[in-house]
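For reference, the structure is listed below as structure tokens.
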Amino acid sequence: MNAYMDAHIEQAGLGPILEKVRAGKRLDLHDGAQLYGHSDILALGYLANIVRERINGDKAYFIYNQHINYSNICINLCKFCAFGRKREDALAYEMSIEEIRHKVRERLDEPITEVHVVGGVHPDLPFAYYTDMLRAIHEERPGVHIQAFTCVEIHHLAKIAGKPVDTTLNLLMEAGLGSMPGGGAEVFSPRIRQLTCADKISGEEWLQVAKTAHNLGLKTNATMLYGHIESIEERLDHLDALRRLQDESGGFLAFIPLAFHPKNTELGVGHSNTTGINDLKNIAVSRLMLDNFPHIKAYWVMIGPKIAQIALAFGADDLDGTVTEERITHMAGAETEQALGHKTLIRLIQEAGRQPVQRDTLYNVLEEY
Ligand code: V47
């Protein structure tokens, strides 16, 4: 408790929200709108930090991970995405299982504990490609956790497998799927989906796939793509839908706000990159609204290591990881590195006054620094 900050929060008109936050009471959508509409970023950070420290203390997590984007060929071609390509596009690519094996083998000397696998919604790769991929990764690096396929990809895989989503997930789990990343959620609003990704599954369908995964005991993450044409109300409805599902299933591990990168995208014309304040605000408001999510991730690839570091005081408790070779944001103009070494991650965390914790995918502690 900090009397000076409490008085400051009162003066900023956020006293009732402070009371709720202190009492562990749930914030409603009206509170959320007040927070998003507020320009006092330090006040928002102070509030979010109360929740952050209640749930995660001083810990700030990171993981040794490797990203593999197996193909950018996609039938959805969302207007905010610079990664997805038509098959005939000169920049289209698709990795063979042997190439994927090679990617894993290349890094066997690094203590990677998670392989993060995401790709486009590919028109004609057979279902066996995905199960073969999972088995091949495990053969190359036994014991690694594979976090793979967004709810959008899973929905598509169920279609090509000709099976219900739960059966499809069971087959993938048998082949080595350990958990699912949070991509493809974008903004659930039908208006936004119609305008930006009309061919993608609906928000309801995304939530239904996540729920099915949770019912099978599979943990997943969730994301929200912000900083384009979405309204504050649409962001809050998105957070509310996630919070309701989490109440029911408890299957979400982390929420990751994703900052829109406009370069090379159809939607990006006339859009600038998000600002530092907008990035911190989305971290803080999501920490405050998603009171039932254990972790809020500041994904350094999208907001840069410097803002991600500061986000550790604004609600975030996780910097993601070493990553290596990210393509989705870099195709859309990200100027961040392709990878960060663990020493850099530890330094970022320590200088933020937090305790670095190397975790596995499920947030088991592997090492504390
Ligand atoms: O699904 C696409 C988004 C997502 C752009 O679960 C864009 O731990 C910004 O979901 N600008 C993929 N974002 C990345 C993702 C993710 C990343 C790190 C960790 C986790 C996790 C998940 O990126 C896509 C889409 O929502 N995206 N284009 C763009 N131009």
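Indexing begins at 1, ligand by ligand and atom by atom, following the structure's order.
Residue Ala82 places every heavy atom at 4.0 Å or more from ligand 1. Residue His116 places a heavy atom less than 4.0 Å from ligand 1. In this structure, Ala254 does not count as a contact residue of ligand 1, since none of its heavy atoms falls inside 4.0 Å of the ligand. Judged by the shortest distance from any of its heavy atoms, Lys297 lies inside the 4.0 Å radius around the atoms of ligand 1. Within the structure, the closest approach of Thr150 to ligand 1 does not fall below 4.0 Å when heavy atoms are considered.
The protein non-hydrogen atom at the shortest distance from atom 24 (C) of ligand 1 is Gly184 N, 4.1 Å. For atom 17 (C) of ligand 1, the nearest protein heavy atom (residue, atom name, distance) is Tyr299 CE2, 3.5 Å. Nearest non-hydrogen protein atom to atom 6 (O) of ligand 1 is Gly182 N, 2.7 Å. Looking only at heavy atoms of the protein, atom 9 (C) of ligand 1 is closest to Ala259 O, 3.2 Å. Of all protein heavy atoms, the one closest to atom 2 (C) of ligand 1 is Ile328 CG2, 3.7 Å. Ranking the protein heavy atoms by distance from atom 3 (C) of ligand 1 puts Leu258 CD1, 3.8 Å first. Remark: minimum distance from atom 28 (N) of ligand 1 to any protein heavy atom is reached at Phe80 O, 3.4 Å. The protein heavy-atom contact nearest to atom 11 (N) of ligand 1 is His261 N, 2.9 Å.
Residue Glu186 has at least one nitrogen or oxygen atom sitting less than 3.5 Å from a nitrogen or oxygen atom of ligand 1, judged on distance alone. Inclusion of His67 in the set of residues having an N or O under 3.5 Å from an N or O of ligand 1 is not warranted. For ligand 1, none of its N or O atoms has an N or O atom of Thr265 under 3.5 Å away.
Between Asp166 and Asn215 the shortest side-chain heavy-atom distance does not fall below 4.5 Å. Looking at Ile50 and Arg22, their side chains come closer than 4.5 Å, going by heavy atoms from C-beta outward. Under the 4.5 Å side-chain criterion, counting only non-hydrogen atoms from C-beta, His116 is in contact with Pro181. Residues Val187 and Tyr226 fail the side-chain proximity criterion, which asks for heavy atoms closer than 4.5 Å.
At a heavy-atom cutoff of 4.0 Å, ligand 1 is contacted by the side chain of Ile256 but not by its backbone. No part of Cys78 comes within 4.0 Å of ligand 1, judged by heavy-atom distances. At a 4.0 Å heavy-atom cut-off, ligand 1 touches Ala332 through the side chain alone.
Distance check: Leu242 CG to Met289 CE gives 11.5 Å after rounding to the nearest 0.5 Å.
Less than 6.0 angstrom separates the ring centroid of Phe252 from the ring centroid of His214. Taking the six-membered ring wherever Trp is involved, the centroid distance between the rings of Tyr363 and Tyr61 falls below 6.0 Å.
Counting non-hydrogen atoms of neighbouring residues, nucleotides and ligands closer than 6.0 angstrom, the CZ atom of Arg107 exceeds 12 such neighbours. Other residues, nucleotides and ligands place no more than 12 heavy atoms under 6.0 Å from the CD atom of Glu337. The number of heavy-atom neighbours closer than 6.0 Å to CD of Glu233, taken from other residues, nucleotides and ligands shown, is 12 or below.
Nearest to atom 7 (C) of ligand 1 by heavy atom, out of Leu225, Val301, Asn221, Asp320, is Leu225.
With ligand atoms numbered from 1 in the order given, ligand 1 contributes 9 (C), 13 (N), 23 (O) to contacts under 4.0 Å with heavy atoms of Met302. Each of the following atoms of ligand 1 lies closer than 4.0 Å to a heavy atom of Pro181: 6 (O). For ligand 1 and Gly183, the ligand atoms under 4.0 Å from any heavy atom of the residue are 1 (O), 10 (O).
For the pair Arg235 and Tyr36, the cation-pi criterion (under 6.0 Å, within 45° of the ring axis) is fulfilled.
A side chain to side chain contact (heavy atoms under 4.5 Å, CB included) with Ile328 is found for one member of Asn72, Val301, Asn69 and no other, namely Asn69.
A salt bridge links Arg327 to Glu325: one of the charged nitrogens lies within less than 4.0 Å of a carboxylate oxygen.
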(message) For a ring pair (Phe, Tyr, Trp, His ring centres under 6.0 Å) check, start with the C-alpha distance between Phe149 and Tyr130, then their side-chain angles and the critical distance, and finish with the verdict.
(response) CA-CA 9 Å; Phe149 314 133; Tyr130 300 90; 5.7 Å; yes
